[in-house]
Amino acid sequence: MLRIPGRSPHAPDDDVVIAPLDLAAHVDDALAVQAHAFGLSDDEISVRRQIVLRHITYPGARSLGATRTDGRLVGFVYGMPNDRAHWWSTVVAPYLRSEGQDGWLDNSFVITELHVLPAYQNRGIGRALITTLTDSAEQPRSILSAIDTESPARGLYRSLGYVDLARRVHFPSAPRPYAVMGAPLPLCR
């Protein structure tokens, strides 16, 4: 468990605790965070709910939550060892292969989702979530995908040691292209 102090000593309920999250029990709370942070519609949330519930049954899947002292979830991360048979890998494989980066799909830990409510961003919560999750990974490296634009999220990933492996990756039904990024573990602090 890791505690991140709030911005004001006069608001102790603004402190955030990073700890294991039972994602199946808190899937709706997590998706509410993702919807707010990522701008998802109700239909997208419904589809993602089924995906998250399936993902957390995969071998080695783990999740962490960032929770206020009053119990409100303000951020979460989850990931799993990569499997080339998983949908994400089958989509990104041709892009990675064309860049000579196909080997990243082997023996890697995938960050599947990382989201923090906007009001809680820029406090080190996202950094704490991803580094704490990957610290216990048995794999020597981590991979993820992020919208292919310069953003605070991409800046965070770069500061942790992630580099672009493939860009302009198109996922079915995603309106914008993504970048696939990879980093050796442990991540930079």
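Source: prediction; values computed, not measured.
- For H86 and Y58, the ring centers sit closer than 6.0 Å to each other.
- Summarising the geometry of G161 relative to P184, their closest heavy-atom pair is O-CD, 4.2 Å, with the distance given to 0.1 Å.
- Under a 3.5 Å cut-off, the side chain of Y162 and the backbone N or O of L156 do not form any donor-acceptor pair.
- Looking only at side-chain heavy atoms (C-beta outward), D148 and D164 stay at 4.5 Å or farther from each other.
- Taking both residues in full, the closest heavy atoms of P81 and A61 are given as CD-N, 4.3 Å, listed atom of the first, atom of the second, then distance.
- Without hydrogens or angle criteria, T90 side chain to W87 main chain gives a donor-acceptor distance under 3.5 Å.
- In plain terms, the two heavy atoms of S159 and C188 that are nearest each other are O-CB, 3.7 Å.
- Heavy atoms only, all atoms of each residue included: G124 and I4 are closest at O-CD1, 3.9 Å.
- Between the N82 side chain and the V110 main chain, no donor and acceptor come within less than 3.5 Å of each other.
- A distance-only check finds no donor-acceptor pair linking the side chain of T134 to the backbone of A137 [under 3.5 Å].
- With contacts defined as side-chain heavy-atom distances shorter than 4.5 Å, the pair L21/Y78 does not qualify.
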Worked check of side-chain contact (heavy atoms from CB on, under 4.5 Å) between Q101 and Y95: CA-CA 8 Å; Q101 303 290 352; Y95 294 94; over 6 Å; no
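- No more than 12 heavy atoms of other residues, nucleotides or ligands shown are found within 6.0 angstrom of CG on D42.
- In this structure the side chain of I125 never reaches within 4.5 angstrom of the side chain of Q121, judged on heavy atoms.
- In this structure a side-chain-to-backbone donor-acceptor pair under 3.5 Å is present from S89 to D83.
- For the pair E99/R167, no side-chain contact is recorded, criterion being any heavy-atom separation below 4.5 Å from C-beta on.
- The shortest distance between side-chain heavy atoms of L144 and W88 does not fall below 4.5 Å.
- Remark: the backbone N or O of V180 is not paired with any side-chain donor or acceptor of S145 at under 3.5 angstrom.
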Chi angles and distances behind the side-chain contact (heavy atoms from CB on, under 4.5 Å) call for V91, Y178: CA-CA 11 Å; V91 173; Y178 280 69; over 6 Å; no
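- Two residues are said to be in side-chain contact when any heavy atoms from C-beta on lie closer than 4.5 Å; Y120 and V33 fail this criterion.
- We find that R72 and D70 are not joined by a salt bridge, their nearest charged nitrogen and carboxylate oxygen being 4.0 Å or further apart.
- Taking both residues in full, the closest heavy atoms of R97 and D102 are given as CA-CB, 4.0 Å, listed atom of the first, atom of the second, then distance.
- In this model, a donor atom of one side chain and an acceptor atom of the other lie less than 3.5 Å apart for S136 and R62.
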Stepwise side-chain contact (heavy atoms from CB on, under 4.5 Å) test for H55 and E113: CA-CA 11 Å; H55 281 167; E113 299 289 350; over 6 Å; no
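- Between R158 and M181 there is a side-chain heavy-atom pair separated by less than 4.5 Å.
- Checking R141 against S108 by side-chain atom types alone, a donor-acceptor pair falls below 3.5 Å.
- Looking at heavy atoms from C-beta onward, F76 lies out of side-chain contact with V52 at the 4.5 angstrom threshold.
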D43 and I45: CA distance, side-chain angles, deciding distance, side-chain contact (heavy atoms from CB on, under 4.5 Å) verdict: CA-CA 5 Å; D43 288 341; I45 292 168; over 6 Å; no
